[in-house]
Amino acid sequence: MEMEMRSISDRDIGTDITPPLTPFSFSLHNTHLHTHCSSCFSLITPIIPTTNHSHSTFYCSPHCSTSHSPIHLSSAERHLPSSINSSLLRTALRLLLLHHTTSLFPRINHLLTNRLLLTCQNDDVNETIRLGAHAMATAIANHRGGGSGGFSEPYDNAVLEKSTDALCAVLTNAVEVHDNEGCAVGIAVFEPAFSWINHSCSPNACYRFSFSSSSLLSQESKFLIAPFTRNSQQPQIDCGVSGSSSEFAQGWRICGPRLIVRSIKRIKKGEEVTVAYTDLLQPKALRQSELWSKYRFLCCCKRCTSLPFTYVDHALQEISVLYGDSSGLRTNYKFFRDMADRRLTDSIEDAISEYLSVGDSLSCCEKLEKILTEGLDEQLEENEEKSHYKFILHPLHHLSLNSYTTLASAYKVRACDLSSGDFEIDSNQSESKAFDLSRTSTAYFLLLASGVHHLFNSESSLIASVANFWVGAGESLLTLTKSSGWSSKFVNFDLVLSNIASDTKFECSKCSLMDRFRDSILNGKIKSEDFENVSNEFIHCVSDITHKVWNFLVYGCHFLKSCKDPISFSWLMSIKNSVDVGANDIKTDMCYTHEPENSIGVSDELAYTDHTVAHILQLGRHCLTYGGLLAFVCYGPNSHLVSHVQNILARENNFLFSL
Ligand SMILES: [Zn+2]
Ligand SMILES: [Zn+2]
Ligand SMILES: [Zn+2]
């Protein structure tokens with residue numbers, strides 16, 4: 001019996017379609033046990049120092065402690081050996097404790113366990129379940145027997161069975177809970193109203209978390225979705241919410257992070273509501289393999305079944321093949337392309353993970369930019385002939401996008417290191433160097449945002465990613481305008497600065513973005529037509545301003561200079577005849593022409609004018625405000641990201657008046 005949730009009425013974008021939903025069970029990750037409240041997941045300040053009791057719980061308030069600690073003490077989790085004590089097993093044990101009464105194969109408390117599919121292969125997932133369920137059953141036996149650890153107490157098979165079911169239900173239904181900063185702090189299994197919402201790679205809804213204490217959550221929003229069994233016309237009345245009869249369940253329902261589902265597209269009455277279970281900026285093959293390994297299903301959504309691939313999926317995996325001396329490659333094109341994909345993936349992932357573990361930002365920047373610019377050179381043997389090939393990633397390939405994210409942050413880190421460190425070069429020189437680094441970081445933020453925006457034009461469910469990227473670009477641009485590097489670099493800068501206030505109005509005269517953002521927050525909603533109009537105006541403005549500052553922003557960065565127009569991306573569409581090998585496999589309307597290094601359209605000049613700062617300021621405000629508007633659509637007016645944008649804009653406004 002496959003469940004789905006459908007909309008019970010016509011809905012516009014940016015509507016909360018569920019009230020705040022409560023979790024059935026949840027747990028912080030081990031890494032966040034000492035920084036966040038185990039009950040409501042809010043950040044604890046000051047942070048409690050790590051003790052030897054590595055899996056103890058901490059609470060933000062007596063209220064959280066009272067409602068949560070009975071569960072912590074009764075769920076047997078203290079009896080898990082610490083090597084295996086994880087958020088996954090704690091969540092499963094708590095699920096068993098709270099909802100032990102209604103296990104009904106193949107569902108536990110109306111949640112699909114997916115047990116048969118998860119355990120049918122002899123793989124890592126099966127092993128995790130086997131070991132986990134054994135540890136759970138032992139812990140429960142030890143807890144009941146009053147034992148103090150070790151695998152002393154035997155358990156009966158029924159306990160093992162229940163443990164396995166609970167564990168599978170958690171694996172199948174748990175979502176990663178992200179805090180306001182976007183950091184994954186724990187997992188939670190929510191009530192069926194959420195767990196029954198199916199996945200799509202082009203979903204019409206998204207969800208957010210709320211960490212406020214229970215009293216603030218009583219605002220009466222209604223369910224605008226109802227459960228249906230697949231292909232039926234009658235809604236399922238029993239949502240399963242009333243099913244928990246455990247003695248702890250009552251107290252439990254007032255703690256835990258809440259989840260709210262919100263529409264990101266227009267949804268018609270009776271239409272199925274879907275959310276994403278995976279990162280939508282991955283190409284089809286990666287999405288499919290992740291969905292299979294985690295949930296054991298093959299996605300048959302519109303985006304996945306589209307043939308030829310959708311524009312977005314095409315862009316996310318496009319690799320151009322440039323080659324010199326052979327007309328080969330025809331027969332083994334797919335083989336070579338897959339090989340190139342693997343090697344490019346390996347080298348980029350190596351560079352990124354090395355950066356994350358060792359923290360050598362300089363080496364990371366050099367490696368990634370080399371791969372982006374030069375691609376992969378391969379000497380390949382085909383039909384006993386050796387040929388030289390070059391593989392170049394499309395600028396919107398998912399690996400390119402990952403690289404931009406890493407580069408934006410690595411350049412930023414290098415700039416900060418330089419301005420804070422005591423280096424032996426003179427301070428003016430290091431300030432100037434730090435300025436160059438943050439400028440490059442900003443250009444990558446902008447390229448990332450506009451690149452993903454380009455994809456968003458064809459796939460509107462990418463809205464949450466775009467929102468975050470535009471906010472990031474906006475913040476970076478605004479920070480750049482305040483850099484002390486300007487005066488060390490440009491002699492007339494103080495004069496320029498004094499002119500900005502009179503030159504630049506806070507509002508843009510060419511678009512209604514600011515007004516629209518304010519109105520939306522004031523009214524709590526935006527119509528899709530208005531959203532489309534203001535998006536067009538935004539791109540118009542941003543494209544206009546970017547043309548004036550792009551040469552300045554990308555100065556000195558070889559790779560960025562090859563991106564001629566980061567806003568329209570029209571340069572991506574040119575058709576290159578020489579890639580016409582194995583025409584049937586690869587011919588598309590968007591072959592990426594990689595420009596030879598000496599014919600780059602961007603000039604080598606620094607391109608600084610007296611208006612540059614004012615333009616960057618304008619650009620930053622546009623990006624930030626638009627990011628805020630997108631955040632409003634997918635997260636709502638009271639969300640962290642929207643308030644964050646509002647705060648920066650308010651500061652900016654004051655800053656401008658104070659000049
Ligand atoms: Zn709390
Ligand atoms: Zn799909
Ligand atoms: Zn404008």
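Below, all heavy atoms of this structure are taken into account, side chains as well, without hydrogens, waters or symmetry copies. Owing to the predicted nature of the structure, the values given are computational and were not obtained by experimental measurement.
Heavy atoms only, all atoms of each residue included: V273 and S7 are closest at CG2-N, 3.9 Å. Residues A410 and Y355 come closest through the heavy atom pair CA-OH, 3.4 Å. For the pair S87 and L28, the tightest heavy-atom approach, listed with the atom from each and the gap, is CB-O, 3.3 Å. Nearest heavy atom pair, residue K265 against residue S202, reads NZ-OG, 2.9 Å. Listed here is the closest heavy atom pair of L462 and F456: CD1-N, 4.0 Å. The shortest non-hydrogen separation linking G256 to P23 is CA-CG, 4.0 Å.
Counting heavy atoms from C-beta on, the side chains of D179 and P257 never come closer than 4.5 Å. In this structure, the side chains of F552 and R439 come closer than 4.5 Å at one or more pairs of heavy atoms. In this structure, the side chains of V413 and L437 stay at 4.5 Å or more apart for every pair of heavy atoms. R516 places a side-chain heavy atom less than 4.5 Å from the side chain of D530. Side chains of T625 and V645 form no contact here, defined as non-hydrogen atoms less than 4.5 Å apart. Looking at I187 and F26, their side chains never come closer than 4.5 Å, going by heavy atoms from C-beta outward. At a threshold of 4.5 Å between non-hydrogen side-chain atoms, the residues H199 and L291 count as touching. Counting heavy atoms from C-beta on, the side chains of T546 and P566 come closer than 4.5 Å.
In this structure, T442 contributes its side chain and L477 its backbone to no donor-acceptor pair below 3.5 Å. A side-chain donor-acceptor contact under 3.5 Å links D10 to the backbone of K269. Panel note: side chain W550, backbone C563; a donor-acceptor pair is recorded below 3.5 Å. Side-chain atoms of Q288 come within 3.5 Å of backbone N or O of C299 as a donor-acceptor pair. Distance alone, capped at 3.5 Å, is enough to place a donor-acceptor pair between the N173 side chain and the L112 backbone. The backbone N or O of R11 sits nowhere less than 3.5 Å from a side-chain atom of T15 that would complete a donor-acceptor pair. Side chain of S306 to backbone of K302: no donor-acceptor contact under 3.5 angstrom is found. A side-chain donor-acceptor contact under 3.5 Å links R296 to the backbone of W292. A distance-only check finds a donor-acceptor pair linking the side chain of K284 to the backbone of C304 [under 3.5 Å]. D16 contributes no side-chain N or O that, together with a main-chain N or O of G636, makes up a donor-acceptor pair within less than 3.5 Å.
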*Under the side-chain contact (heavy atoms from CB on, under 4.5 Å) rule, what do L401 and L316 come out as? Steps first, then yes or no, please.*
CA-CA 9 Å; L401 299 176; L316 288 173; 3.8 Å; yes
*Please report the C-alpha distance between E176 and H29 in whole Å, then the side-chain angles of each, then the deciding distance to 0.1 Å, and finally whether the side chain to side chain donor-acceptor pair (under 3.5 Å) criterion is met.*
CA-CA 10 Å; E176 198 79 62; H29 291 317; 2.4 Å; yes
_If you apply the rule side-chain contact (heavy atoms from CB on, under 4.5 Å), what do you find for L624 with L478, and how did you get there?_
CA-CA 9 Å; L624 189 74; L478 292 174; 3.9 Å; yes
*Where do Q282 and T278 land on the side-chain contact (heavy atoms from CB on, under 4.5 Å) test, with the steps shown first?*
CA-CA 8 Å; Q282 297 179 100; T278 178; 3.0 Å; yes
*Decide yes or no on side-chain contact (heavy atoms from CB on, under 4.5 Å) for D544 and K510, but give the supporting numbers first.*
CA-CA 11 Å; D544 201 37; K510 293 179 188 155; 3.7 Å; yes
Name every donor-acceptor pair, under 3.5 Å, that has one atom in a side chain of residues 463-473 and the other anywhere in the protein, sequence neighbours excluded.
unit_1: N468; atom_1: ND2; unit_2: A464; atom_2: O; d: 2.9
unit_1: N468; atom_1: ND2; unit_2: Y635; atom_2: OH; d: 3.3
unit_1: W470; atom_1: NE1; unit_2: H453; atom_2: ND1; d: 3.1

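Rounded to the nearest 0.5 angstrom, Q646 CD and H644 NE2 are separated by 11.5 Å. A distance of 12.0 Å separates OG1 in T18 from CZ in R258, rounded to the nearest 0.5 Å. Of the inter-residue distances, the one linking E459 atom CD with L281 atom CG reads 9.5 Å to the nearest 0.5 angstrom. Here S210 contributes atom OG and I260 contributes atom CD1; the two are 5.0 Å apart, rounded to the nearest 0.5 Å. Between the CG atom of L641 and the CD atom of E181 there is a distance of 10.5 Å, given to the nearest 0.5 Å. If you take CG on D279 and NE2 on H398, they are separated by 10.0 Å, rounding to the nearest 0.5 Å.
Under 3.5 Å, the side chains of D341 and T345 contain a donor-acceptor pair of N or O atoms. Side-chain N/O atoms of D12 and S528 include a donor and acceptor closer than 3.5 Å. One side chain, E191 or T22, offers a donor N or O that lies under 3.5 Å from an acceptor on the other.
E4 has a carboxylate O that lies under 4.0 Å from a charged side-chain N of R6, or vice versa, which qualifies the two as a salt bridge. Note on E529 versus R266: salt bridge recorded, some NZ/NE/NH1/NH2 to OD/OE distance being below 4.0 Å. Ion pairing between a basic and an acidic side chain is recognised when a charged N comes within 4.0 Å of a carboxylate O; E652 and K482 show such pairing. A salt bridge links R303 with D313; the closest basic N to acidic carboxylate O contact falls under 4.0 Å.
In this structure, the ring of H454 has its center less than 6.0 angstrom from the ring center of Y311. Ring centers of F517 and F632: at least 6.0 Å apart, outside the cut-off.
Note on ring orientation: taking the six-membered ring where Trp is involved, the planes of F190 and F209 are tilted (angle from 30° to 60°). Aromatic ring orientation, Y626 versus F531: parallel (interplanar angle below 30°, classes split at 30° and 60°). Between Y411 and Y444, the ring-plane angle classifies as parallel under the 30° and 60° cut-offs. Aromatic ring pairs are classed by plane angle as parallel below 30°, tilted from 30° to 60° and perpendicular above 60°; the pair H32 and H36 is perpendicular.
More than 12 heavy atoms of other residues, nucleotides or ligands lie within 6.0 Å of NZ in K548, so this atom counts as buried by the packing criterion. Annotation: K412, atom NZ; neighbour count of heavy atoms from other residues, nucleotides and ligands within 6.0 Å does not exceed 12.
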